[in-house]
Each structure stands twice: as C-alpha cells, then as structure tokens.
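All remarks here apply to the structure that follows.
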Amino acid sequence: MNRITKTALVVAAFFSASSFAGYEVQIDESSKLTFGGYFKADLRNVSGDQAYRDFWIGSSTSAPDTNQTSLQAKESRFNVKFTHGEVTGFLEYDFYGGGGNALVSNSYTPRMRHAFITYKNWKVGQTWSTFMPLVSIADALDFGGAHVGQVFVRQTQIRYTNGGLELALENPANATDANQSIPDAVVRYTYKGDFGQVAIAALARTFDDNGVAGHADGTQLAYSISGKINTFGKDDFRFAYNAGAAGRYISPGHNPGDKVNADGSGDLLVTQAYTVAYRHFWTDDLRSTAYYGHSEVADFNGVNADSDRNHYGINLIQQLTKQLSVGVEFGNYDADISATDSADSDYMQLSAKYVL
C-alpha cells in the first residue's frame, strides 16, 4: 500500500470515529497513530480583591472589588501519538496561547504543551519536568488545582528511566538566560506498591552571574517528596512537599525571576511549598476532592518579609458517561501584595469535560 493511500485511510478512519472519540489507527504491523485529548468548557466567577484569572498560579495582582465572570474553553486540548516499533513521537497542544477577541470570535491561539520522542529507556523533547510530582496534583476543576504549592514546569529535556529511577538534564532558562551554560539536573526515584506510590526528587541548578551583582551564582539545590496513597475503596490522599533554592520551578509565577538573597552570596531565595488533597467517591460516578496548597518565598518582599500564597478548593464531579463529566468547585485564593498587605478572592467554577 503506498503512502498516499495509507494517509487517506488514516484520515478517513479518524473523521468517521463516533463522536470524535479517542481513536487508534493501525498503519502497518509495527506502526500506529493514536489520537486523544479532551474538550472542556468552564464558567468561572471570581469575586474579592485579587484580579480574575482563568486559573490560580503563584503570581498575584491586586484588584479591589473584583467581580468578574468568564465562559471559555481554552483548556481543551488535542494530542497525537505516532508509534513505530520502539520509537514513539507525541505532540499535544491547548488554547492558552493568547490572542482571541471575546467581543467577536474568541479565536485563541494554540499553544504547544508537549513534543517529545521516546526510545527504549530514553525520552527527548518538551514535557513535564522530571522534578514535577504529577501524581500529587489534585483532581480539580481549576486548571491543575493548587499550583501555588506545586512544582509546575514543562520544558525540553533528555531523560533516562530505569524502573523507578529517572535521571534528566533540562533546559536551564532563567531571568539571566544568556549566562547559563550547564543544564539543570534532576534525579527522581518512585516506589510503587499496593498502597499507591511515593517519590523523592532532587534538583541542581548551576548559575554564573558573570560578575553582575544581584544575579544568581553557583549551584542551587532543591528537593521534593510526594505521593498518592490509596485509602478506602477508590479514595486516595495526595501530597507534595517542595523546598529549597528552586526559583521558577516551585509555585509558577511566585519567583519567576530567580530572585537572590540580599547578602551578596548569589543564593536563590528559599521556597517552601506543599499541597494536600483528599478525593472521595460518594458512588462509582460521583466524587469530590478537597485540596489546599501553600507556598512561601523567604525575604521576597525584603529582609524578614516573606511572601505567602494560599489556595484551597472543594468540588463535586458527576461522571455522566465514561467520557463525559460535569462539576462545580468553590474555593479561595489569597496572596501577599506587599510586606504589609494581602488580598484574597473567592471563586466558583462550573465545568463540563468530554474526554476523547
């Protein structure tokens, strides 16, 4: 069968799939295409003194008397995986890339999330950082749950995996990007059993301040302890504790510029962050998660003036079919605006999600 005929059959099979459902196309004995992703629509109201965001992260903007509602579908995503023998290529994008005009078309720009190749024990390309504890993220309607307490980074890397051990070299980007010559290094070990799983991870970042005062210098270290523990029935408890001189890695947006201590050492400000979440199944098709996340960057607002972020939420999600769910979530986000002032906002979110 020639390449053109193969392509035509793949396209025809894909678009004839019922309800655009997830679909796997066998191209030949050793090659296949797999399509996946989901459609998600959100109605979100934010009221209080923190500015509206589609989802909370570590950055904070004061906006007194906020009361804003938005309906959007930007979290929807699509992915395609091509497998040929032991080689796999994966590409995924969503629509948080910017653009759009809410007055007319809402034509948001696609954003690449993942683009990587795997071969045997190796993975090369852009995906979640090896330092990021994916399993600990809460089952939330807010995109990603309590980002404020999480490691949350996607970037290009070279990763080797052998059982529970993962070793990686990752993109060393930072606020003074031109000075960095050594990739960030990550080691992670995950232990799995009937109880669930736990993991420990360490991160090393090496900086060169190039003689510029106030820039990071030397090797900076951070660590993470995380897990997902099975409790009663289908319930689970998820947790992560992340700490050290991680800069942009922990609580996205909280210390994106890799701010350093005022003592001239070139050491990054220390971040401590954690999340806890409990998911309970009321029935096989009805579940709730209560979660909380906290992050604190020491001396972020000046000497002895730390910066805190907190996010909690609770939801109720109904699985209408295997692919379709609807839910409601209530929560609160608060953050230090300055050394002497803080503000918070409540939020309510309604979501519908159809998984391919």
Under 3.5 Å donor-acceptor, [X] side chain and [Y] backbone:
X      : Y      : answer
Asp306 : Asp299 : yes
Asp346 : Asn332 : no
Ser31  : Asp28  : no
Asn210 : Val212 : no
Asn242 : Gly149 : yes
Glu86  : Lys120 : no
Ser288 : Asn315 : yes
Asp336 : Ser338 : no

Candidate pair Asp285 and Thr283, rule side chain to side chain donor-acceptor pair (under 3.5 Å), full reasoning | CA-CA 5 Å; Asp285 300 321; Thr283 69; 5.4 Å; no

Between the side chains of [X] and [Y], is a donor N or O closer than 3.5 angstrom to an acceptor N or O?
X      : Y      : value
Asp267 : Asn261 : no
Thr190 : Gln197 : no
Ser307 : Arg309 : yes
Arg77  : Tyr38  : yes
Gln126 : Arg113 : no
Ser295 : Gln272 : no
Asp42  : Gln349 : yes
Asn45  : Thr69  : yes
Asn310 : Tyr292 : yes

Got more than 12 heavy atoms from elsewhere within 6.0 Å of [atom1], [X]?
X      : atom1 : answer
Asn67  : CG    : yes
Lys192 : NZ    : no
Tyr191 : OH    : no

Using every non-hydrogen atom in the two residues, find where [X] and [Y] come nearest and quote the distance to one decimal.
X      : Y      : answer
Ala243 : Ile250 : N-CD1, 3.8 Å
Val153 : Arg248 : CG1-NH1, 3.7 Å
Ile337 : Ser60  : CD1-OG, 3.5 Å
Asn174 : Arg205 : CB-NH2, 3.7 Å
Val297 : Leu269 : CG1-CB, 3.8 Å
Asp139 : Arg238 : N-NH1, 4.0 Å

Single hit among [options] for side chain to side chain donor-acceptor pair (under 3.5 Å) with [X]:
X      : options                : value
Thr130 : Arg159, Glu166, Gln155 : Arg159
Arg279 : Asp236, Asp235, Thr289 : Asp236
Asp142 : His147, Arg44, Arg53   : Arg44

Are [X] and [Y] near enough that their ring centres are under 6.0 Å apart?
X      : Y      : answer
His254 : Phe300 : yes
Tyr291 : Tyr278 : no
Trp128 : Phe152 : yes

Please determine which of Tyr52, Phe55, Trp56 meets the ring pair (Phe, Tyr, Trp, His ring centres under 6.0 Å) test together with Tyr333.
->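 With Tyr333 as partner, Tyr52, Phe55, Trp56 yield a single ring pair (Phe, Tyr, Trp, His ring centres under 6.0 Å), made by Trp56.
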
Determine, stepwise, if the pair Phe90 / Phe116 fulfils ring pair (Phe, Tyr, Trp, His ring centres under 6.0 Å).
-> CA-CA 5 Å; Phe90 183 86; Phe116 61 81; 5.2 Å; yes

Test log, rule side chain to side chain donor-acceptor pair (under 3.5 Å), inputs Asp194 and Asn230 = CA-CA 8 Å; Asp194 293 340; Asn230 303 322; over 6 Å; no

Hey, can you tell me if [X] and [Y] have their rings parallel, tilted or perpendicular (30° and 60° cut-offs)?
X      : Y      : result
Tyr274 : His294 : tilted
His311 : Tyr347 : perpendicular
Trp282 : His280 : perpendicular

Any side-chain heavy-atom pair of Tyr108 and Tyr96 under 4.5 Å =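 No, their side chains stay 4.5 Å or more apart.
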
Is the closest side-chain heavy-atom distance between Ser351 and Val326 below 4.5 Å?
->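 Contact flag for Ser351/Val326 side chains = no.
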
Does Lys74 count as lying over the ring of Phe95, i.e. NZ or CZ under 6.0 Å from the six-ring centre, within 45 degrees of the axis?
->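 Judged by the rule (NZ or CZ under 6.0 Å from the ring centre, within 45° of its axis), Lys74 is not positioned above Phe95.
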
